Amino acid sequence: MILGVISNHFYKYHYHPFLGHNSIPDMAAPQHPIPLLTPYKLGKFNLSHRVVLAPLTRQRSYNNVPQPHAVLYYSQRTSNGGLLIAEATGVSDTAQGYPQTPGIWTQEQVQAWKPIVDAVHAKGGVFFCQIWHVGRVSHSDYQPNGQVPISSTDKPLSPQIRSNGIDKVEFTPPRRLRTDEIPGIVNDFRLAARNAMEAGFDGVEIHGAHGYLLEQFMKDKVNDRTDEYGGSLENRCRFALEVVEAVVNEIGADRVGIRLSPFAEYSECGDSNPKQLGLYMVNALNKYGILYCHMVEPRMKTVGEKIECPYSLVPMRKAFNGTFIAAGGYDRQDGINAVAQDRADLVAYGRFFLANPDLPKRFALDAPLNKYHRDTFYISDPVLGYTDYPFLDQETNGVAS
């Protein structure tokens, strides 16, 4: 159904979720609602629009503990009935691969998340915690007792240039997990989900994308195992699905989402048949009845690199029974089209939302966007490039191209 032609027109004096009462001028004639800004029922959660805050690593959680400045950062980006997905949050002390990223495996971390979650809820937001394990995308410096990172494999990862285009990141060659160790990692995800509930989150998103541990099992260009977790597609997906099952059993399927990027090749993590992988996973996920699948567009081969490609998420969208969230290189019109053409229920925005805390309101008005400053994405400053982007009713700092 084309949502742009449904009948609940906006009239003058209609209450708008971002603009308030009496705030849309010249509305003597009815207007069609913008598909991206129509309400949506996400399981038990009533969303007022379909613009989602994507999970964004910001590296401002000192000693892996969420900080008070995150209260302002997330509450700035909260709208009444908006869905936010928290930055990737470690499930254990072996899950870390970057400086100053948050965790949720200790009580100190759980308690530190509570005021952040409370601030989002106070403004009517729905808040999910993305839980992750980086696997081999790490260095001994981030590991307990300086041990080597763990993975599906012992194949090393080549050094990478940071997003600033200058600094080089080195990775310690990983240790292949023994078969009997894998249930312990699954349990780490289960406990992290339980802790997220204790912190007050509405649910969790399992990070099964972007070259991290779950993908290191799923994709055949990395996984070279010969046990029941390697070889066939079914075996390679076994670990990820065991994580899903454990988390569902712990907190309920109606509070569980997953992020997948079958077409991407982040951190040298590619697959020989990504469409088959994506379809296998969504069909397997249907058996667990999870709330949503959050999938990265094939055009995003690596971070920030948009390419032309013949693939589409539509087959996965059609096969998945729950809510489908699309992400990766979307602008306002792309998002409108994706919802209007039924290619996604919700659309996640990263860099635009980072730089525009009131992004849904700007989309509603088709207003100019602040430019994002890439050089401040991953610095540790508690304000700069974090909570200092202006709102629409403040002085703007330029228009995004």
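Quick note: residue numbers are just sequence positions, from 1. Small disclaimer: the values here were computed from a predicted structure and weren't measured.
Checked against salt bridge (charged side-chain N to carboxylate O under 4.0 Å, His left out), E181 has the following partners two or more places apart in sequence or in another chain: R175, R178. Under the ring-ring contact (aromatic ring centres under 6.0 Å, His included) criterion, H294 pairs with no residue, sequence neighbours left out.
With ring centers used as reference points, F127 lies under 6.0 Å from Y74. The six-membered or imidazole ring of F45 lies away from that of Y40, with a centre-to-centre distance of 6.0 Å or more. Taking the six-membered ring for Trp and the full ring otherwise, H69 and Y386 have centroids separated by under 6.0 Å.
At least one donor-acceptor pair under 3.5 Å links the side chain of D227 to the backbone N or O of Y229. Judged by distance alone, the side chain of S267 and the main-chain N or O of V137 form no donor-acceptor pair under 3.5 Å.
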(message) Run the side chain to side chain donor-acceptor pair (under 3.5 Å) test on T153 and Q216 for me, step by step, so that the C-alpha distance in whole Å, both residues' side-chain angles and the decisive distance to 0.1 Å come before the verdict.
(response) CA-CA 8 Å; T153 182; Q216 291 161 32; over 6 Å; no

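Annotation: N63, atom CG; neighbour count of heavy atoms from other residues, nucleotides and ligands within 6.0 Å does not exceed 12. By the 6.0 Å contact criterion, NZ on K44 is enclosed, its count of non-hydrogen atoms from other residues, nucleotides or ligands being greater than 12.
Judged purely by distance below 3.5 Å, without hydrogens or angles, the side chains of N337 and Q333 pair a donor atom with an acceptor atom.
Sequence neighbours left out, not one pair with a member in residues 175-197 passes ring pair (Phe, Tyr, Trp, His ring centres under 6.0 Å).
The residues D224 and R176 are annotated as salt-bridged, a charged nitrogen and a carboxylate oxygen being separated by less than 4.0 angstrom.
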